[in-house]
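Below is one structure, written out as structure tokens; the observations come after it.
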Amino acid sequence: MTVTQQPIHRRRPAAVLTLLLLVLAATLGPTPSSAAETDWWNPVARPAADSRIGVTGEPFKGTNAQGEVRGFVDAHNHIMANEAFGGRLICGKPFSEAGVADALKDCPEHYPDGSLAIFDYITNGGDGKHDPDGWPTFKDWPAYDSMTHQQNYYAWVERAWRGGQRVLVNDLVTNGVICSVYPFKDRSCDEMTSIRLQAKLTYDMQDYIDKMYGGTGKGWFRIVTDSAQAREVVEQGKLAVVLGVETSEPFGCKQILDIAQCDKDDIDAGLDELYDLGVRSMFLCHKFDNALCGVRYDEGGLGTAINVGQFLSTGTFWQTEKCTGPQHDNPIGGAAAPSAEEELPAGVEVPSYDEDAQCNKRGLTELGEYAVRGMMQRKMMLEIDHMGVKATGRVLDIFESESYPGVLSSHSWMDLNWTERVYGLGGFIAQYMHGSEEFGTEADRTKALRDKYDVGYGYGTDMNGVGGWPAPRGADTSNPVTYPFRSVDGGSVIDKQTTGERTWNLNTDGAAHYGLVPDWIEDIRLTSGQDVVDDLFRGAESYLDTWGSSERHKAGVNLAKGSSASASSSESNPFTSYAPGRAVDGDADTRWASDWSDDQWLRIDLGSTSTVKRVTLAWERAYGKSYRVEVSTDGTTWQSVWSTTTGDGGLDTAQFSGVPARYVRIHGLDRGTDWGYSLHEVGVYSS
């Protein structure tokens, strides 16, 4: 879920409601079909009154000559967001057993003219007034700039599938704080209750589509729970649907005055429940700092409003510090948000922030690291978008130390300097659904890295996510989308999409709903070239590569654990031992510490010669800024296999081509502090 902010005019709702909604703006009987029986892609029966698809031709199946699946991947969507935030913030449903007229109707309070569409006028400006009628006229919605109405009607998703999409990640989403203050709701604000309901309804939507195709398992919308199943679905020419979670307080892990409101048992129980629901990817934090991690800030006045919201919810404002590397969080900025700031207690003001201190002081907490490792144990994929760079850096350190590939950036909300680290791990990156020209410019910027790592690309539409979508470029542009056009594979013809009495044209309507994704991809081809579309067409393969590699991951055997160790020196302490063996005893709470001088070393005897490819170093606060990893087969002749002059402590991973070694030496050259060198644990691995 991504954020946009439009000007607020004329109406001024209660300030606290405005604030917290801005935070979000930051989450019939069937009739016979005329299709021939061989047209497997057309339903046996479809409701008598329903949306048209506007696509003809058989969807492609199978794999290419290299045995790879083909197709686009939407790595970030919110099909069931209408069930979030109390059930009345996003109006309309993706499907209804009562038919399209029931599914695509406005919220009750929007009738007769939208006067009570509070969220609409906060997010879209004006007075919020609009024609509430959906089916059949659709005069005012869905629209590219309307964030309060359903964009994921099942037939529109069907059109995206028919246009070449083969993987869709449905992020189950909600926010309990927003739900609690929004005046219109019809259910509990408990986040997990909403997540469970959205998961159930996603399975219900699968059943609904199956019935059109003659029974269980016959429809094109297939929820998958492992990568092999997903590949089989894509090879059949159908849409593989993956469940994810994007919420602000997963497992109830809120923090109040920096005190966690959850524990490790809550995390284990929460991960187990989500896994049993079919969830395979998730965010750990989103918008508000929680007990697991610090967030990547929002900017300007919206950032100020969210910061106020964080204080009202948790008792703490964002805290910044100087960044230690080129990565940084979004600048908070000093723009005022008067209606939000009025809600602060007397005498409390939003802090001012130094321009050169742009990183969230809160990183990945101990509980957050426990959750990360719990996800790894369950072979789940972690979303790093919305996570501050300090937390993200630690996550990437952990994944690199374990060679775990399950990292995703699904909608352009991480620091782009992390791109190569994500690709180096085997992770997957998708870009937010920007306008075609902007999308192409960003795709070109990272093209060399995709070529280097031989990976495809994805998009994150964030539909129903209150983020804003591509505006029309205009019918008078020099290179408009010309209808009809052929799908990327060439096997289908795509014409304008019609639902009821309304026909949408990307050139004049923009990306108003999910059914216009194929039109938007054609627009990318026209504005940015075939190469970008080709990379997108490889997206499904690369996403499933990341997922499959995560499932197959096995923890490496630490050859150093319990080995004999010696050192150039050891710090003397009458109460605690800092002997060399403490760095290889398998206990993260013990450590080896050297004397307080630069040239120091720790040597590990593996007992026999093995192939060594990776060394991990968990530094205590006293870390090495410049050091080498050296290996030897005889303990006399040493070979440097990896080095750095920019060490910053934490968890380092040295990876190199496999070399035979019995002895491994960490040779410190320049300390990062006035103390010596201190290592909690050193790991040595053959993989």
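Ring-plane geometry between F138 and W156 is classed as perpendicular, the angle between the planes exceeding 60 degrees on a 0 to 90 degree scale with a lower cut at 30.
Within the 4.5 Å cutoff, no side-chain heavy atoms of H434 are placed close to those of W469. Looking at L408 and T546, their side chains come closer than 4.5 Å, going by heavy atoms from C-beta outward.
A donor-acceptor pair under 3.5 Å links the side-chain atoms of D210 to the main chain of G219, judged by distance alone. Of the possible donor and acceptor atoms, one in the side chain of S487 sits under 3.5 Å from a partner among the backbone N and O of S492. Not a single donor-acceptor pair under 3.5 Å links the side chain of W520 to the backbone N or O of G510. The main-chain N or O of V173 is found under 3.5 Å from a side-chain atom of Q198 such that the two form a donor-acceptor pair. No donor-acceptor distance shorter than 3.5 angstrom exists from the side chain of S550 to the backbone of K379, with no hydrogens or angles considered.
The aromatic ring centroids of F537 and F60 lie less than 6.0 Å from each other. Checked against the 6.0 Å centroid threshold, Y208 and Y154 count as a close aromatic pair. For an aromatic pair to be called close, the ring centres must be under 6.0 Å apart, and F283 with H76 satisfies this.
At a threshold of 4.0 Å, the pair K200-E83 does not count as salt-bridged, since none of the basic side-chain nitrogens sits closer than that to a carboxylate oxygen. Salt bridge absent: K496 and D509 never bring a charged side-chain N and a carboxylate O closer than 4.0 Å. Salt bridge R222/E232: absent, no basic N to carboxylate O contact under 4.0 Å. Residues D489 and K61 are not paired through a salt bridge, judged by the lack of any N-O separation under 4.0 Å between the basic side chain and the carboxylate. Taking the charged nitrogens against the carboxylate oxygens, D133 and K139 have no contact shorter than 4.0 Å, which rules out a salt bridge. Look at D519 and R159 and you find a salt bridge, because one of the NZ, NE, NH1 or NH2 atoms lies within 4.0 Å of a carboxylate O, short of that distance. Ion pair R231/E541 flagged as a salt bridge, since at least one NZ, NE, NH1 or NH2 atom sits closer than 4.0 Å to an Asp/Glu carboxylate oxygen. Taking the charged nitrogens against the carboxylate oxygens, E97 and K211 do have a contact shorter than 4.0 Å, which makes a salt bridge.
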Applying side chain to side chain donor-acceptor pair (under 3.5 Å), run through S51 and Q497 and close with a yes or a no. CA-CA 9 Å; S51 174; Q497 197 281 320; 2.9 Å; yes

Would you please test W141 and Q150 for side chain to side chain donor-acceptor pair (under 3.5 Å) and show each step? CA-CA 9 Å; W141 64 270; Q150 180 61 241; over 6 Å; no

After noting the C-alpha distance and the side-chain angles of D50 and Y153, does the key distance pass the side chain to side chain donor-acceptor pair (under 3.5 Å) rule? CA-CA 11 Å; D50 206 357; Y153 185 58; 2.6 Å; yes

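Under a cut-off of 6.0 angstrom, the local environment of CZ in R378 is crowded, with over 12 non-hydrogen atoms contributed by other residues, nucleotides or ligands.
Taking the ring centre of F72 as origin, the terminal cationic atom of R166 falls outside the region bounded by 6.0 Å and 45° from the ring axis.
Counted by atom type alone, Q165 and Y459 present one or more donor-acceptor pairs between their side chains at under 3.5 Å.
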